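Because the structure is predicted, anything quoted here is derived from the model rather than measured.
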Amino acid sequence: HALTWKTFLKIKCITLPFLRVMHIMLISSFFGAVSPGGIGMDIYKFQQLNSHNYSAINTISSLLITKVVSISTLFFVSLCALCLSFLRGMVINKPLYILIACIDILYFLLAALLISTRFPRYLTHTVAHRFNFISLKLQKLYAAILEFKMYPWALAYAVFLGMLIQ
């Protein structure tokens, strides 16, 4: 995961040595394990990059795109496992694995549905009426995430690394 995150940081012009990224990842893994929902992992990464005076928007967008790639690779691995189990006739022998794979696939499809619909725009416009400052930050974050589309090689590389790790 450190190599994947370093790739996304490089796109956002955040240059850290690989050993520093690895150091941040290892310590953040501890915070992710002891905090509810693993949120401590992302908070620690954000705090570390923020202490080096990097842009908060670029930092958060790199963290979010890393999560999206992780969920996508989990989806593909689950889909492959589900297809292979049907082809080999292992459905009856391993119902728990099939259930987990189906839940992963449904989770990914729900996330893709929320992202692809008008939900981000709806959220931005709803917040815009109440808190103009937050709305501007959300729009900048959304634009920063969309910048990753200009680097399909990096996304493919990250998915490939994620598949190897899974």
Side-chain angles (χ1 to χ4, degrees), residues 1-81 100-101 103-124 127 133-166:
H1 290 294
L3 202 52
T4 303
W5 190 44
K6 181 165 175 41
T7 304
F8 292 136
L9 290 175
K10 189 176 178 183
I11 290 173
K12 291 296 181 179
C13 298
I14 298 174
T15 54
L16 290 174
F18 179 73
L19 289 177
R20 180 70 182 140
V21 173
M22 190 68 168
H23 181 258
I24 292 171
M25 289 292 292
L26 289 174
I27 294 174
S28 69
S29 294
F30 168 75
F31 287 114
V34 298
S35 64
I39 191 70
M41 179 185 300
D42 294 327
I43 291 173
Y44 181 77
K45 289 178 191 175
F46 176 78
Q47 184 270 336
Q48 285 297 307
L49 291 181
N50 211 17
S51 69
H52 287 98
N53 296 325
Y54 290 113
S55 166
I57 296 294
N58 288 341
T59 302
I60 293 172
S61 66
S62 73
L63 293 172
L64 285 175
I65 200 70
T66 304
K67 296 285 184 193
V68 168
V69 167
S70 296
I71 291 171
S72 300
T73 56
L74 180 64
F75 166 73
F76 289 122
V77 169
S78 299
L79 190 62
C80 291
I100 291 171
I103 290 171
D104 288 341
I105 291 169
L106 289 175
Y107 178 69
F108 174 79
L109 292 175
L110 178 66
L113 180 69
L114 285 175
I115 291 171
S116 66
T117 60
R118 296 177 184 225
F119 181 73
R121 286 182 183 258
Y122 172 75
L123 180 66
T124 303
V127 172
F133 175 73
I134 295 174
S135 172
L136 293 174
K137 293 290 185 185
L138 284 175
Q139 288 174 353
K140 286 181 182 178
L141 179 62
Y142 189 65
I145 291 172
L146 288 180
E147 286 177 7
F148 285 105
K149 282 184 165 183
M150 297 185 331
Y151 301 94
W153 60 268
L155 294 172
Y157 178 68
V159 169
F160 174 73
L161 287 176
M163 296 286 263
L164 286 177
I165 292 170
Q166 297 286 343

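- The structure places CH2 of Trp5 at 11.0 Å from NZ of Lys67, a figure rounded to the nearest 0.5 Å.
- Within the model, atoms CG of Leu9 and CG of Leu63 stand 8.0 Å from one another, a figure rounded to the nearest 0.5 Å.
- Closest approach of Ala2 to Val21, counting heavy atoms only: O-CG1, 3.6 Å.
- Taking CG from Asp42 and OG1 from Thr66, the interatomic distance works out to 8.5 Å, rounded to the nearest 0.5 Å.
- Judged as a side chain to side chain contact (heavy atoms under 4.5 Å, CB included), and not counting sequence neighbours, the contacts of Ala56 are Phe46.
- Contact annotation: the side chain of Phe8 approaches that of Ile11 to within less than 4.5 Å [non-hydrogen atoms, C-beta and beyond].
- Here NZ of Lys45 is found 13.0 Å from CD1 of Ile60. Values are rounded to the nearest 0.5 Å.
- Contact check for Leu16 versus Ile24: side-chain heavy atoms found under the 4.5 Å cut-off.
- Minimum heavy-atom separation, Gly40 to Ser35: N-OG, 2.8 Å.
- Two residues are said to be in side-chain contact when any heavy atoms from C-beta on lie closer than 4.5 Å; Ile43 and Phe31 fail this criterion.
- Side-chain contact between Met25 and Met41 is absent, with no heavy atoms from C-beta onward closer than 4.5 Å.
- The side-chain hydrogen bond (donor to acceptor under 3.5 Å, both in side chains) pairs that include a residue from residues 50-59 number zero, where partners must be two or more places apart or lie in different chains.
- For the side-chain hydrogen bond (donor to acceptor under 3.5 Å, both in side chains) condition, the pairs that include at least one residue of residues 20-32, sequence neighbours left out, are Arg20-His23, Arg20-Gln48.
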